[in-house]
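Just so it is clear, the model here is predicted, and its values are computed rather than measured. Lettering follows sequence order; numbering is per chain, from 1. Values below: every heavy atom of this structure, side chains too, minus hydrogens, waters and symmetry copies.
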4 protein chains.
Amino acid sequence: MLEKKKKIPSLVKDPKLIEKRRDQIVEAAVELFIHKGFHKTTTREIAKASGFSIGTLYEYIESKEDVLYLVCDAIHAEVENRLREALTFNGNGLRILKMALRSFFRVMDQMNDRVLLIYQETKSLPSGTISYVLRREEEIRGIFEEILRTGIQDGSIHIDEKHVQLMADNILVLGEMWVFRRWALRKHYTLEEYIEKQTALLLREITEK
Amino acid sequence: MLEKKKKIPSLVKDPKLIEKRRDQIVEAAVELFIHKGFHKTTTREIAKASGFSIGTLYEYIESKEDVLYLVCDAIHAEVENRLREALTFNGNGLRILKMALRSFFRVMDQMNDRVLLIYQETKSLPSGTISYVLRREEEIRGIFEEILRTGIQDGSIHIDEKHVQLMADNILVLGEMWVFRRWALRKHYTLEEYIEKQTALLLREITEK
Amino acid sequence: MLEKKKKIPSLVKDPKLIEKRRDQIVEAAVELFIHKGFHKTTTREIAKASGFSIGTLYEYIESKEDVLYLVCDAIHAEVENRLREALTFNGNGLRILKMALRSFFRVMDQMNDRVLLIYQETKSLPSGTISYVLRREEEIRGIFEEILRTGIQDGSIHIDEKHVQLMADNILVLGEMWVFRRWALRKHYTLEEYIEKQTALLLREITEK
Amino acid sequence: MLEKKKKIPSLVKDPKLIEKRRDQIVEAAVELFIHKGFHKTTTREIAKASGFSIGTLYEYIESKEDVLYLVCDAIHAEVENRLREALTFNGNGLRILKMALRSFFRVMDQMNDRVLLIYQETKSLPSGTISYVLRREEEIRGIFEEILRTGIQDGSIHIDEKHVQLMADNILVLGEMWVFRRWALRKHYTLEEYIEKQTALLLREITEK
DNA sequence: AATGAATGAGAGTTCATTCAT
DNA sequence: AATGAATGAACTCTCATTCAT
């Protein structure tokens, strides 16, 4: 089994400091990448927005691409964290799923720009790190698969085991849809209406007799 | 009402030649952009792959970004054309919709890389052309809205008029899902299985009593 | 003794046509060079403004620099022609000189931009043609030298022969001064005031007891 | 009141270093511009002649045109400095004027190529800096105006106040004449002869009864 | 650990000139 | 004699990365 994270070498020894500085880098780079894109953002800009010099930036990363990896990893982590925070495991699987869906769509809404960023710049990730980023996403899908299986076991959800993954994928995609197509969707729906409608669509699939 | 296309100025006068050369450019650039991404592809590579010199390339475009616009426009046009070709208007709305869904998913499958390209490089489009590209997509959604309305009128589809757009959006997104998440989906489904499953999901929504 | 003009080879045989086309070229190029400068004007622009294609342009010249030579030569010729046209050889040398000065300053005023052009782009002339252009200027100085000598002989002008050339040079320079420094001079003098003042200055030198 | 100089932004922070490097740039560029002209000199040549890389060059300027501005500004400054150094304020206005004229003509002679350069490349100056360069020239004219007024007040120079500016302009032009027409003038005069002759011409104007 | 001046390969773009038609 | 599409050398400028301090 592969590592969860790719280790990026640093010239600095103190791990605490590395983490602190990399947090600064990510925070600065996210904003820059969102507004200008990865390629149009310069390392100088990243350093400046991070609050230190270009030389210092390169004490904590090896290349500009490393910054993109740190950024993508951090965004995925945040999505996952926010989602997990919102989960309650009170009630049966169906009930949990409803809450999880609501939470997930809301997180997608709040993190719109960040999620979009990941999809647009994936190709620029340092070779070898793409798999790390994809694994993050499977992690999130795993959350929903788990919930679905909980529901199957407690009898609140009716779905064939072999369709669990597609179901979970559908959930992720409907969440991403709100991210990708918001310019079109927001003309006709508020977030809450969207949540309600898509939840109904998904539940019809899994609660039928 | 806005124009359908943006006119890109050319130093060459013969419109036939312009079209021919731009076709060459698009064909070459699509492959390059898919494999290397827009930013990592150089204008020299585009020229060489197109079969002429860098000077000639710039007789037909004004900037590298213009190539991206031509590429995105051509891909959308191809999606739309392939979809329209596959449409038969025999039978009622529901029947047409089924066939359209099958065709659409197949086109998405065949044009996987190209569709992915559009989503990843949209941000790099020359300012002002993004709206032209988005309009292309609405065109495709319009096809499905039309089919849905046909079905509503002939009684084969039951859906509230105000949800027609969301329905159409869902269709597009499920198509794009096959593009974006194929690496995960193909582990468990063939294209045909995916089509069947997702069609069933969508139809449950619109054919219910 | 050298030729008066440099022969520029042409692919076209008919001398009449060559002259006609080169007149078109010069007329177009003068305006372009004045407004944009020689280097910032493209051969395409020259061809277009001349009323024919870039290919045709190169039937009548061998290089862009040739156009500059044609332009400079034409401007000098025009200065000389206008000056000669205005000359009357009635009266004594002093009288003729006064009229010649007046005419010269007026020509400089009217041809301001063109004269400025020559001075600014001389360095870009094709190597070997600079001498042709300078000779043109000596021609004009020769006119004044001749007038001065006429005056010396008829006794209306008192000046040592060895200062005739400096005197003629001074005249040319005071004319060019109106060209080069008009932005400053025009704040305080009209052309006529300038002519009067500078003529007085020059005459004091040559009419003194 | 406008600033005396245009501030050119630099990526380097240390002002001392900026000044040092820009001095290197100017020194190198002056020679190149004199021999090849501004347009035929490449930025790489400037960098190389300055003793550093093209990247370093662009740490101290924003564009090639900036180099031209720095060059023109430096030349004007040098003219002014050399002239001021040579001025002694012993004696009456007339005496001072004579010395100033001698100094000015000598400076023009020594800086021949440089002064020529300014006149030939003015058109290529970055838009907005021309006024800065012109102001430099007025500064020099101001020196002569001041001397003339000193002479008027102490009674050694007789000239109407309203002709002070034209007089000063004439002085500048006679200086520039030695620059522009030296190829012709040097056939007949040494610098010292020229100074003597032109001084006599000017003084006749202002010392007459 | 932090700085920032220096580097130079490489990018997009221009344009004088050619030559087949 | 006229056309204009094609060429490619050469230009200005950028920016990720290094390294002496």
Side-chain angles (χ1 to χ4, degrees), chain A residues 10-14 17-18 21 39-48 51-67, chain B residues 10-14 17-18 21 39-48 51-67, chain C residues 10-14 17-18 21 39-48 51-67, chain D residues 10-14 17-18 21 39-48 51-67:
Chain A
S10 169
L11 296 174
V12 176
K13 307 291 173 196
D14 181 358
L17 189 54
I18 293 177
R21 290 278 180 263
H39 279 102
K40 287 189 181 160
T41 301
T42 68
T43 51
R44 271 178 152 105
E45 287 172 317
I46 297 169
K48 192 176 181 187
F52 34 72
S53 70
I54 182 71
T56 302
L57 179 67
Y58 274 87
E59 300 266 307
Y60 297 94
I61 55 160
E62 287 194 311
S63 74
K64 189 186 171 190
E65 289 179 341
D66 284 346
V67 178
Chain B
S10 169
L11 294 176
V12 174
K13 295 176 179 179
D14 181 359
L17 190 56
I18 293 176
R21 291 278 180 263
H39 280 101
K40 288 189 181 159
T41 302
T42 69
T43 51
R44 280 181 165 78
E45 286 172 318
I46 297 170
K48 194 174 181 187
F52 33 71
S53 71
I54 183 68
T56 301
L57 178 66
Y58 275 88
E59 297 263 303
Y60 296 94
I61 55 159
E62 288 194 311
S63 74
K64 189 187 171 189
E65 288 182 342
D66 284 346
V67 178
Chain C
S10 169
L11 295 174
V12 177
K13 307 291 172 197
D14 181 359
L17 188 54
I18 293 177
R21 291 279 181 262
H39 280 100
K40 287 188 181 159
T41 301
T42 67
T43 51
R44 271 177 152 105
E45 287 172 317
I46 296 170
K48 192 175 181 189
F52 34 72
S53 72
I54 183 69
T56 301
L57 178 68
Y58 274 86
E59 301 266 307
Y60 297 95
I61 56 160
E62 288 194 310
S63 75
K64 188 186 171 189
E65 289 180 341
D66 284 347
V67 178
Chain D
S10 169
L11 295 175
V12 174
K13 295 176 179 180
D14 181 358
L17 190 55
I18 293 176
R21 292 277 180 264
H39 281 102
K40 287 189 181 159
T41 302
T42 69
T43 51
R44 276 185 162 78
E45 285 173 318
I46 297 170
K48 194 175 181 187
F52 33 70
S53 70
I54 183 68
T56 302
L57 177 66
Y58 275 89
E59 297 263 303
Y60 296 94
I61 55 160
E62 288 194 311
S63 73
K64 188 186 171 189
E65 288 181 341
D66 284 347
V67 178

Please state whether the rings of D:His39 and C:His39 are parallel, tilted or perpendicular, taking 30° and 60° as the class boundaries.
parallel
Between C1' on F:dA16 and CD on A:Glu65, what's the gap in Å once rounded to a whole number?
11 Å
Would you indicate what D:Thr42 reaches in the nucleic acid, counting non-hydrogen atoms under 4.0 angstrom: base, sugar-phosphate, or nothing?
sugar-phosphate
Heavy-atom distance under 4.5 Å between the side chains of D:Tyr60 and D:Leu17, does that happen here?
yes
Please pick, from E:dA2, F:dT17, E:dT13, the nucleotide with the shortest atom-to-atom distance to any side-chain atom of B:Lys64.
E:dT13
Side chains of D:Tyr58 and D:Leu11 in contact at under 4.5 Å (non-hydrogen atoms)
no
Heavy atoms only: give me the nearest D:Asp66-D:Glu62 pair and the separation to one decimal.
OD2-N, 2.9 Å
Quiz item: B:Arg44 side-chain donor-acceptor pair to E:dT13 base, under 3.5 Å:
yes
For A:Phe52 and for B:Thr43, find the nucleotide of DNA chain E with the closest heavy atom, then tell me which residue's nucleotide is more 5'.
A:Phe52
When C:Ile54 and D:Leu17 are each assigned the nearest nucleotide of DNA chain E, the 5'-most assignment goes to D:Leu17
Phosphate-side-chain proximity, A:Tyr60 and E:dA2, N/O vs OP1/OP2 below 4.0 Å:
yes
How close or far is atom P of F:dT12 from atom CD of D:Glu62, stated in whole angstroms?
16 Å
CD1 of A:Ile54 to NZ of A:Lys48: how many Å apart, nearest 0.5 Å?
12.5 Å
What's the CD-C1' distance between B:Glu45 and E:dA11, to the nearest Å?
11 Å
Which atom pair, heavy atoms only, marks the closest approach of B:Thr43 to B:Leu57?
O-CD2, 3.5 Å
Can you tell which of E:dT13, E:dG4, F:dC13 lies closest to the side chain of A:Ser53?
E:dG4
Whole angstrom value for the distance that separates P of F:dT7 from CD of B:Glu59
10 Å
With a non-hydrogen cut-off below 4.0 angstrom, is B:Thr41 in contact with a base, only sugar-phosphate, or nothing?
sugar-phosphate
Could you tell me the separation between the CD1 atom of B:Ile61 and the P atom of F:dA6, rounded to a whole number of Å?
14 Å
So, is B:Tyr58 close to the E:dT13 phosphate, meaning a side-chain N or O under 4.0 Å from OP1 or OP2?
yes
Between C1' of E:dT13 and CD1 of B:Ile46, the distance in whole Å:
13 Å
Of C:Leu11 and D:His39, whose closest DNA chain F nucleotide lies nearer the 5' terminus?
C:Leu11
Axis-to-axis angle across the helix from E:dA2-F:dT21 to E:dT21-F:dA2, five pairs each end, nearest 10 degrees, ~ 10°
Measure from NZ on A:Lys48 to C1' on E:dT3 and round the result to the nearest Å.
15 Å
If you assign each of C:Val12 and A:Gly55 to its closest nucleotide in DNA chain F, which residue comes earlier from the 5' end?
C:Val12
What is the distance, rounded to the nearest whole Å, between atom CD1 of B:Ile18 and atom P of F:dA5?
8 Å
Output yes when a side-chain donor or acceptor of D:Ser10 lies under 3.5 Å from a complementary backbone atom of D:Glu59, and no otherwise.
yes
